[in-house]
There are 4 protein chains.
Amino acid sequence: MFDDLKRKCCEANLEIPLLELAIYTFGNVSCADRENGVFAIKPSGVDYKLLTWRDMVILDFDGNVVEGALRPSSDSRTHAVLYRCFADIGAVVHTHSPYATAWAQAMRDIPIYGTTHADNSIGAIPCTEWMSDECLKLDYEEQMGFLIVDCMRRRHLRPEENPMVLVGGHGPFAWGKDGEEAVRYAKVFEEVAKMAQLTEAINANAASLKSTIINKHYLRKHGKNSYYGQPAGGIASR
Amino acid sequence: MFDDLKRKCCEANLEIPLLELAIYTFGNVSCADRENGVFAIKPSGVDYKLLTWRDMVILDFDGNVVEGALRPSSDSRTHAVLYRCFADIGAVVHTHSPYATAWAQAMRDIPIYGTTHADNSIGAIPCTEWMSDECLKLDYEEQMGFLIVDCMRRRHLRPEENPMVLVGGHGPFAWGKDGEEAVRYAKVFEEVAKMAQLTEAINANAASLKSTIINKHYLRKHGKNSYYGQPAGGIASR
Amino acid sequence: MFDDLKRKCCEANLEIPLLELAIYTFGNVSCADRENGVFAIKPSGVDYKLLTWRDMVILDFDGNVVEGALRPSSDSRTHAVLYRCFADIGAVVHTHSPYATAWAQAMRDIPIYGTTHADNSIGAIPCTEWMSDECLKLDYEEQMGFLIVDCMRRRHLRPEENPMVLVGGHGPFAWGKDGEEAVRYAKVFEEVAKMAQLTEAINANAASLKSTIINKHYLRKHGKNSYYGQPAGGIASR
Amino acid sequence: MFDDLKRKCCEANLEIPLLELAIYTFGNVSCADRENGVFAIKPSGVDYKLLTWRDMVILDFDGNVVEGALRPSSDSRTHAVLYRCFADIGAVVHTHSPYATAWAQAMRDIPIYGTTHADNSIGAIPCTEWMSDECLKLDYEEQMGFLIVDCMRRRHLRPEENPMVLVGGHGPFAWGKDGEEAVRYAKVFEEVAKMAQLTEAINANAASLKSTIINKHYLRKHGKNSYYGQPAGGIASR
């Protein structure tokens, strides 16, 4: 029944090592089927080289396993919270890519220094606080989802315009309308994190890009007046 | 009619991911046909893996599409301005390569610290200011071309001797007599940007190379007394 | 008699260049057979491209050659000391991977800045002092083993919970229950060392992760209540 | 007559792009035949992908072309000086590898921070001054050779024990008894340069390794009491 979802999810997961976003099993992608209220996710601790689409595990948005022989990613309940709270996202990616993780470990938001960033997110990439000791005693992975959602809400950020977040002391999460877009944001995340680190190394007083340029670039690629890429049908129409 | 131009342009574009100068579709190369007053450019937002020479779009130097089924790169009018203002260039490359982009985000010229740089450009690589809010209200991509041209002119730089420029807050542009040379400058740009960042990390007070060595190296490779490489005919004559 | 041990040891050694943990012959892996009181190790100075399992050398835990036509790795007696002193380890890896080596050269412990680190080791990665001139006059490689063991003991670190150590001015050593695990720790070591360097570049005052999160992550992956990965049988049971 | 020399020289040159020590044609290797008083070197500006052993150019130690249809590397006379002044070297390598070049641009010696360095060179890697304006008016490439030789002599360094040098503002030169060894030193050079930069990033007050450890490591690999690697005959004798 969920074969198609599993196939897409497996394909997105296999992009992670290809794009050098994680070593070993340090990453996971899930893809949601909103109609059926479920998502597919990578099984926990399985080597990417051994992974097949049949290994994907199906869960509902409360984090209960619906289908699958293997144990799902230990981060599954974090993904479930994001699907519950961000109604329009269709896929979630978590990696330990080194530059993004270093910003998370440094407990800093990634400032928006250039148009590579502004083409993909409308402002600084937020970094959450550490989880409180009270929350650490509860369901850890679920609480990590709440940590992300609370951070976004307190800063009045919309998931559609800010598809990347850092969990402080841990690493990056990204999302998108589908697995392909979410993985692309995870890759852009790492690239933007690297460029921002280098920017500060080159100029310790570097300033964030001014809002008029941010808006110009973001709107060039997103929204109804965007003019980047091909019109609907795109390259297939040639 | 423009098949040859399209083939050369496609080939030059395909070097971009091979040389690791851009991820996804974050880069574009155009190649001019001065006799016919047109240039070929990559279509907007098309994956390098799907790109064929037939997809290249032909535009005139005012930025109007002359031939092609797909929408041209969103940066096309920037390229058009450069062809109009720099009469001797035959190709333009724009990438988001990380080190060069970091210098652009840091809003700094790249000092000329060594002979790798001096072999390819006769001085510091200039970085433009941000575009003014007044210009941002006009045709953005055309204005970006003017930003580059004005920056070069105010500093009395000749495009032939300074084939690389940073658009502040955005990233690198390079040009050359043809696609192959322009792409080579785009690659050298990234290498020089990386070496300059490392140079400052190693010595915060590093000095620019003295002009006598700059001139020696630049003239070893360029101009009528150059003696680098093989004479006309070159390796083909063996 | 030790063919199986040699095969496993050779396979683990061949991971070193694949994982980019050493150039040329700058690394070695040994694998122990506790029942027979021996370990297999790479021969000294042999190119990874020429290495076959038959070239592995078998030594006892006093560092005497038991079997093998070639001279064993010059670091063999360091490995022997580790097997003698750390009763539960089954494999040892030494590399000169660049980020971990840089921390060793900087004579600094690697602080535990994030969960990538805490998933694999329960605290900072210790760095030994330089070997004293008195010890340098004795058996150098054996003394290096004692340097590692003494450093661990003085800090009350258990080899099972802290499978990575830096020899000051030299480079990283890691161990594990078998060759596969030890090599994985050697790779994680380099990744953690890189992330820690970047973390400090991004925030010169970065704080170590709080102990409640360290413990949560370490215990998620290790010990009887761990829930990462697949249960015994694992993916093979699908 | 020099076919064998040309073959070895070509093979050594082809290692340069494989080991990522230079982009485009920014590097060259020469190999000497001391009996005949000549050396083979890469032709100038020829793409590594097009290079065959027949393209190698033969020169005498005064820098005169003895055999070859193509123009030799523009750095040939620098190589010639090194062969004249350092009687025991059999091959010379020049690259623009980024970390080593950055130290040259920073005009700094590379301190000896660890055993990776001490295994290959007995002290800091020296960096020359810029060439004086007087010398710049003479034969530039020959003067560069003298710059290297003078720097070594003023510091009382022996080419056998210090096979790597930086030309200030330019980049690294390395040498060895044959092409294979010289190229290995060029690769180690870049690795040591990278590790030294990272060491200072991690600890701005990092100290050079003490001489007793330097000597131990250097003599472990070099000289009559060395015990690294396999005895004469080596792995071929198995």
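The sequence lines fix the lettering, A, B, ..., with proteins before strands; numbering per chain opens at 1.
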Study note, to complete from the structure: Output for pair (I202(A) CD1, M107(B) CE), nearest 0.5 Å, gives 13.0 Å
Review point. Using non-hydrogen atoms and a limit below 4.5 Å, what part of residues 178-197 of chain A faces chain B?
Key: V183(A), R184(A), K187(A), V188(A), E191(A), K194(A), M195(A), A196(A)
Revision key, fill the gap. When the 4.5 angstrom heavy-atom criterion is applied to S211(A) and chain B, the contacting part is neither
Exercise for review: Answer yes or no: are there more than 12 heavy-atom neighbours, outside E129(B) itself, under 6.0 Å from its atom CD?
Suggested key: no
Check your understanding: Among E200(B), K137(B), M131(B), who wins on heavy-atom pairs under 4.5 Å with chain A?
Key -> M131(B)
**Study point:** Heavy-atom contact with chain A under 4.5 Å, split by part of R108(B)
**Key:** side chain
Point to revise | Q230(A) (side chain) donor-acceptor with V46(B) (main chain) under 3.5 angstrom | key: no
Exercise for review: Drop me the distance from L198(A)'s CG to Q105(B)'s CD, to the nearest 0.5 angstrom.
Suggested key: 9.0 Å
Check your understanding: Considering only heavy atoms from C-beta outward, does the side chain of W130(B) approach that of L209(A) to under 4.5 Å?
Key -> yes
Check your understanding: Between NE2 of H117(A) and NE2 of H96(B), what distance do you get to the nearest 0.5 Å?
Key -> 13.5 Å
Point to revise | Shortest non-hydrogen separation from S44(B) to G229(A) and the atoms involved | key: OG-N, 2.6 Å
Check your understanding: Considering only heavy atoms, which portion of T25(B) lies under 4.5 Å from any heavy atom of chain A: side chain, backbone, both, or neither?
Key -> both
**Study point:** Contact leader toward chain A among G45(B), G169(B), S73(B), where contacts are heavy-atom pairs under 4.5 Å
**Key:** G169(B)
Review point. Under the side chain to side chain donor-acceptor pair (under 3.5 Å) test, which residues partner D119(B), sequence neighbours left out?
Key: H217(B)
Exercise for review: Counting only heavy atoms closer than 4.5 Å, note whether K221(A) contacts chain B via side chain, backbone, both or neither.
Suggested key: side chain
Check your understanding: Just wondering, more than 12 heavy atoms not from R84(B) lying within 6.0 Å of its CZ?
Key -> yes
**Study point:** Contact origin within S132(B) toward chain A - heavy atom pairs under 4.5 Å
**Key:** backbone
**Study point:** Whether over 12 other heavy atoms sit under 6.0 Å from E160(A) CD
**Key:** yes
Revision key, fill the gap. Taking every heavy atom of P231(A) against every heavy atom of R71(B), the minimum-distance pair comes out as CG-NH2, 3.7 Å
Revision key, fill the gap. Interatomic distance, OG1@T101(B) vs OH@Y113(A), rounded to 0.5 Å, equals 15.0 Å
**Study point:** Side chains of E141(B) and Y227(A) in contact at under 4.5 Å (non-hydrogen atoms)
**Key:** yes
Review point. What do you reckon, is CZ of R34(A) surrounded by more than 12 foreign heavy atoms closer than 6.0 Å?
Key: yes
Study note, to complete from the structure: dist D133(B):CG -> I213(A):CD1 (nearest 0.5 Å) comes out at 8.0 Å
**Study point:** Neighbour count >12 (heavy atoms, 6.0 Å) for atom CD, E67(B)
**Key:** yes
Practice item. Select, from A102(B), G171(B), G168(B), the one with the greatest count of heavy-atom pairs under 4.5 Å involving chain A. Key: A102(B)
